[in-house]
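Here is the structure we will look at, set down as structure tokens.
Each chain gets a letter, A, B and so on, in the order its sequence line appears, and its residues count up from 1. The basis for the numbers below is simple: all heavy atoms, side chains too, and nothing from hydrogens, waters or symmetry mates.
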Amino acid sequence: MTSVLQNHFLIPLEDFTQNPDCNFRGREQECVSLIKKCKNLEEFKQAHAQTLKLGMFWSSFVASNLVATCALSNWGSMDYACSIFRQIEEPSSFAFNHMIRGHVKDMNLEQALQVFDEMLECGVVPDNFTYPTLLKACANLPALKEGKQVHGHSFKLGFGDDLFVQNSLINMYGKCGEISLSCAVFDKMVQRSVASWSALIAAHASLGMWGKCLEIFRGMSSEECWRAEESILVNVVSACTHLGALDLGRCTHGSLLRTMSGLNVVVETSLMDMYVKCGSLNKGLFLFQRMIEKNQMSYGVMISGLAMHGQGPEALKLFDEMLEQGLKPDDVAYVGVLSACSHAGLVEEGLKYFGRMKLEHGVISTVQHYGCMVDLLGRVGKLKEAYELIKNISIEPNEVLWRTLLNACRVHQNVEIGEVAARELSLLDSGNAGDYVVLSNLYAQSHSWRDVAKTRKEMMCKGLIQTPGFSLVEMKRKVYRFVSQDVSFPKCDGIYEMIHQMEWQLKFEGYSPDTSVVLHDVDEEEKRRRLSSHSQKLAIAFALIHSSQGSPVRIVRNVRMCSDCHIYTKLISSIYDREITVRDRNQFHHFKDGTCSCRDCYQ
DNA sequence: ATAGGGTTAG
């Protein structure tokens, strides 16, 4: 028996073909709105059946919309969409575009590219909607070669000036690691949107080009279209964290508070991390305590933050609290816990946590965890135990582990194990000049001058140069970068005079430069000259000149400071009555009244 | 004739 509905709607197909005006478009529209109303796959199947019953399925407009809805809805299915798509005799670019989008949504990126190939084979001309999605597929693969081809293709078809295409290109090149091409596209744009800036900033952030991030953000702020967006500001906060730019970080915090009605966990955690890593532990703690929703990551950030600032026992207390809250610690939280133990010299606790890690929380030990353990044992002089640990490790030991052991051997003057570590390092052929420096210092301390000479010679023969160390200092919301021996910066006016004055005063405090840390084959005077232009000293001189009396000085470094800079900074903090905070690769040094919070375990 | 680009924490 035929239903009322069918009698009412069913129109013979020939009517449509013979008389396109018999309200055919209207019926197509009705079908499409029926399709778009579907809330789940069940309803969608009914709608699909309806179009078949009504004879409307053979309208490619209707079928394309079935494909579109099924491909893009979260309840949809690409298999289903595909089976409909295959029944369309001459699919339009609209249908192809949605097949591509559907595959990209499901992260079947290669299939997305295949559909594009098919589109070209069928002679369907891509339009301005095709390229953004296609470029997203290239970006997420990532596939630079294909991306470039798509770029060229879109250009040939006249979409070189399309805003959406260009924004997708910035993203694609960024994800493929070709940041200069991202910039090239961006620079050529006549008109830009927030998405253009967002893509460019995110691209630089993902590559760790933090200084550039801030530069671009500044450029954005002076544009008319500028709008503070949460995602952009979080990247800016992250840049501030890495650069140690506390003042700019504070400003960005202000922008967030002004723009957003409330801050979510992600934003709050990034802010917390910024304060902690820029040296303001208390502000970070304050934010943490007031957070309504804390998750695994917020705890992880705070635990490693406390560890970095030398507050081991507090870090462990927080870890216990995390467990009480029913949160599962992950590998990063454990790195924080273990480094807290090592900074505080809590050997027994460290071993206990290391054992619990896998047993209780199923966290697989990574090289970082082993690194903490080697450091923990090495710091208290348990060098043999540390060496055994590396030997019996289940994963391939990397250079960081051997380097940590070598350092510990230098501190505790164990030549025997130190030589083993150095040999392993040279086998790994990392080409790190610092390793030779540490080994030669170890020999120097035990007065094995022939070995010192041999080590230095080996280093020279390999043509190794020490990683250029730099120090960052923020002044009036700008970050200045100092490299050792560098005189080329514009703001260097007065720095050398200041250095001279500082050294004069240091002499009265009994300071004499420790030229043994300079391993270049130059005379004593040249060594002293080089020592006095270490980047940290330049940065301190700059900060003392450009900030008011008594205000704290904050410095961020890429590598550890040398022992001469450490003692120098201690004395400067007392002579000039300044608190000086230096962040290196793994910890903070709070210099105050001639002492340092690291208890001189800086190596 | 329908639609689209960027996007966040250690």
Side-chain angles (χ1 to χ4, degrees), chain A residues 25-26 28-29 31-33 35-36 59-69 71-72 92-102 104-105 126-136 139 154 159 162-172 174-175 182 185-186 189 192-203 205-206 220 227 229-242 252 256 260 263-274 276-277 284 287 291 294-305 307-308 329-336 339 368:
Chain A
R25 286 231 155 164
E28 279 182 319
Q29 291 294 353
C31 281
V32 169
S33 60
I35 293 164
K36 286 187 177 165
S59 142
S60 71
F61 181 70
V62 171
S64 299
N65 276 286
L66 281 168
V67 169
T69 306
L72 294 191
S92 58
S93 61
F94 178 84
F96 273 108
N97 290 346
H98 279 90
M99 284 301 288
I100 296 173
R101 280 187 71 192
V104 172
K105 182 181 140 271
D127 56 25
N128 53 327
F129 290 96
T130 313
Y131 294 103
T133 354
L134 200 57
L135 287 167
K136 198 174 180 176
S154 70
F159 299 114
D162 186 284
L163 183 62
F164 288 75
V165 174
Q166 286 171 316
N167 289 344
S168 309
L169 281 169
I170 295 170
N171 175 46
M172 186 274 291
K175 294 264 159 66
S182 292
V185 173
F186 183 84
M189 289 171 84
R192 295 174 186 134
S193 62
V194 181
S196 324
W197 295 93
S198 168
L200 194 68
I201 290 175
S206 72
M220 181 185 178
R227 196 168 73 230
E229 275 199 6
E230 191 179 77
S231 61
I232 294 179
L233 292 177
V234 167
N235 270 327
V236 172
V237 170
S238 201
C240 293
T241 308
H242 288 90
T252 316
L256 279 161
M260 308 293 146
L263 304 184
N264 60 28
V265 212
V266 175
V267 180
E268 283 191 308
T269 306
S270 70
L271 284 167
M272 203 177 82
D273 190 44
M274 185 273 293
V276 171
K277 295 225 174 93
L287 278 189
M291 275 171 83
K294 295 173 194 162
N295 62 16
Q296 190 188 45
M297 248 201 226
S298 346
Y299 271 96
V301 165
M302 205 61 233
I303 291 168
S304 34
M308 274 184 105
D330 62 1
D331 54 336
V332 184
Y334 263 108
V335 170
S339 73
Q368 278 181 298

If you look at every strand shown and take non-hydrogen atoms under 4.0 Å, does A/Asn171 touch a base, only sugar-phosphate, or nothing? sugar-phosphate
Just checking A/Glu28: base, sugar-phosphate only, or nothing, at a heavy-atom cut-off of under 4.0 Å? base
Have a look at A/Val301 and say if it touches a base, only the backbone sugar-phosphate, or nothing, with a 4.0 Å heavy-atom cut-off. sugar-phosphate
Please determine if a side-chain N or O atom of A/Arg101 lies less than 4.0 Å away from the OP1 or OP2 oxygen of B/dA3. no
Would A/Trp197 pass as stacked on B/dG6, i.e. its ring centre under 5.5 Å from the base's six-membered ring centre and planes under 30° apart? no
With a non-hydrogen cut-off below 4.0 angstrom, is A/Ser168 in contact with a base, only sugar-phosphate, or nothing? sugar-phosphate
Phosphate oxygens OP1/OP2 of B/dG10: is one of them under 4.0 Å from a side-chain N or O of A/Ser238? yes
What nucleic acid atoms does A/Leu200 come within less than 4.0 Å of, heavy atoms only: base, sugar-phosphate, or nothing? nothing
Just to be sure I understand the rule, does A/Val237 reach a base, reach only the sugar-phosphate, or reach nothing, if contact means heavy atoms closer than 4.0 Å? nothing
What's A/Phe61 touching, base or sugar-phosphate or nothing? Going by heavy atoms closer than 4.0 Å. base
Base, sugar-phosphate, or nothing: which does A/Asp331 touch, judged by heavy atoms less than 4.0 Å apart? nothing
Assign A/Gln29 to base, sugar-phosphate, or nothing according to its heavy-atom contacts below 4.0 angstrom with the strands shown. base
With a centroid cutoff of 5.5 Å and a plane-angle limit of 30°, would you call A/Phe129 stacked on B/dG4? no
Donor-acceptor pair under 3.5 Å, A/Ser270 side chain vs B/dA9 base: no
OP1, OP2 of B/dT7 versus side-chain N and O of A/Lys175: anything below 4.0 Å? yes
Partners meeting side-chain contact (heavy atoms from CB on, under 4.5 Å) with A/Ser339 (sequence neighbours left out): A/Ala307, A/His343, A/Cys372
Strictly distance-based, threshold 3.5 Å: is any side-chain N or O of A/Thr252 a donor or acceptor partner for the main-chain N or O of A/Val237? no
So what does A/Ala333 touch, heavy atoms closer than 4.0 Å: a base, only the sugar-phosphate, or nothing? base
For residues 60-67 of chain A, please give each side-chain donor-acceptor pair under 3.5 Å, one per line with the distance, not counting sequence neighbours.
unit_1, atom_1, unit_2, atom_2, d
A/Ser64, OG, A/Ser60, O, 2.6
A/Asn65, ND2, A/Phe61, O, 2.8

Using a heavy-atom cut-off of under 4.0 Å over every strand shown, decide if A/Asn65 touches base, sugar-phosphate, or nothing. base
Would you find more than 12 non-hydrogen atoms of other residues, nucleotides or ligands less than 6.0 Å from A/Gln296 atom CD? yes
